[in-house]
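Notes follow the structure.
Naming convention: chains lettered A, B, ... in sequence-line order (proteins, then strands); numbering from 1 in each chain.
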Amino acid sequence: MVMLPLLTRSAVRAATSTTLVRSVTPAVATVGAKRSYHENIVEHYENPRNVGSLDKNADDVGTGLVGAPACGDVMKLQIRVDDDGNIIESKFKTFGCGSAIASSSVATEWIKGQSVEEVVKIQNADIAAHLKLPPVKLHCSMLAEDAIKAAVQDWKEKQQHKKQQTEATAEAAV
Amino acid sequence: MNTTTLRSLPRRWCLGRLYRPSHKSALRPISLIVPIQGVASPISSRSVVTAVSRRPLLVVPPSSNTIATIPTIQYRNFQSEGEYHRVADDTLETIQDVVEETLEDGGIEAEVSLASGVLTIALPDNHGTYVLNKQTPNQQIWWSSPISGPRRYEYKDDTWVFTRDDEITLHKSLQEELQQLLNVELDWEV
């Protein structure tokens, strides 16, 4: 695992070399030779919101882990949900390009205060449009959408499990 | 991939220049598949055996805690990485040729370029840009479309199919979308 950054970076390079090698300062076409990201991406990249972790073992926390290191991006997004099904806290950790970081940062901001039913409706296109992601970076917004859904799914499974256990206990008591 | 591993990696390293691979052996493919739970694995036993025997296939065991991931089909239908490159390069070159010719015939000025496994089709009149690129680690072709957004295609039964709906093929998608956008008919038989 120590070698991971090296392998990952090279894998990305090998896969989409032209585009991604340039992605140090890439993508949105502007006048002249200088090309840069849209300010919304840069802003989230420079000041990522909600970076961190929640206790993945806690009953009220859902964890979504998507992507694969070999492909260049891994995104972990976590939510803490209250008894009414509303997301009260959200954290992320992402290893990937600026667009992937910005996408997950935006995602955590958007889902806070929303219900779990609402947030699964967030589409990658919404995130891409907000950040003005260039075509080659749309995959990053897809990863963020997947991460939200995976986190909600994980939380739901925990609730289901908890419910079953409570029922089993209640039955045993009778 | 557990939390500790994630934490030990530098955040934002993708934009750093310091992490350039220093030697070629780093390019050797290591496959790492994040566990997919609650989904019947579509990988046939034959392709698993092939993949395992040909390369170190590192599969992260599911941790005791459930980490839900979105169902994504993971096929490995190539005998070797060389075969993947051959088929994928061939696919992108064919698409480039047919699209270029069709648009030229239709008098549509588009910028079509293929370099290092990345096919870019920039359409005129704000119709947007398609980017199709090889994704070697998982032997896919990634697709970015102004209509359908990001998708991943995987090779199955001699064609590239959408990882979330194998009824949708790469060639058919492009054919239908360019028909819709520019009213041109791509003919793959030429």
(request) Please confirm whether the backbone N or O of A:V61 pairs with a side-chain atom of A:K158, one donor and one acceptor, at under 3.5 Å? (result)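 Pair found, side chain donor or acceptor close to backbone of A:V61.
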(request) Look at A:V152, A:L138, A:N124 and state which one has the largest set of heavy-atom pairs under 4.5 Å with chain B. (result)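 Looking at each of A:V152, A:L138, A:N124 in turn, A:L138 comes out on top.
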(request) Just give me the residue among A:K156, A:H139, A:M142 that pairs up with chain B most often, heavy atom to heavy atom, under 4.5 Å. (result)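 Of A:K156, A:H139, A:M142, A:H139 has the most heavy-atom pairs under 4.5 Å with chain B.
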(message) Taking side chain to side chain contact (heavy atoms under 4.5 Å, CB included) as the criterion, tell me which of A:V116, A:T108, A:I148 meets it with A:I87.
(response)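 Looking at A:V116, A:T108, A:I148, the match for A:I87 under the side chain to side chain contact (heavy atoms under 4.5 Å, CB included) is A:V116.
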(message) Measuring only between side-chain heavy atoms, which start at C-beta, is B:L92 closer than 4.5 Å to B:K134?
(response)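 Yes. Closest side-chain heavy atoms under 4.5 Å.
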(message) Between B:T120 and chain A, with a heavy-atom cut-off of 4.5 Å, which part of the residue counts as in contact: side chain, backbone, both or neither?
(response)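 Contact with chain A involves no heavy atom of B:T120 at all.
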(request) Test B:Y153 against every option in B:W142, B:W160, B:W143 by the ring-ring contact (aromatic ring centres under 6.0 Å, His included) rule and name the one that passes. (result)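 Option passing the ring-ring contact (aromatic ring centres under 6.0 Å, His included) with B:Y153: B:W143.
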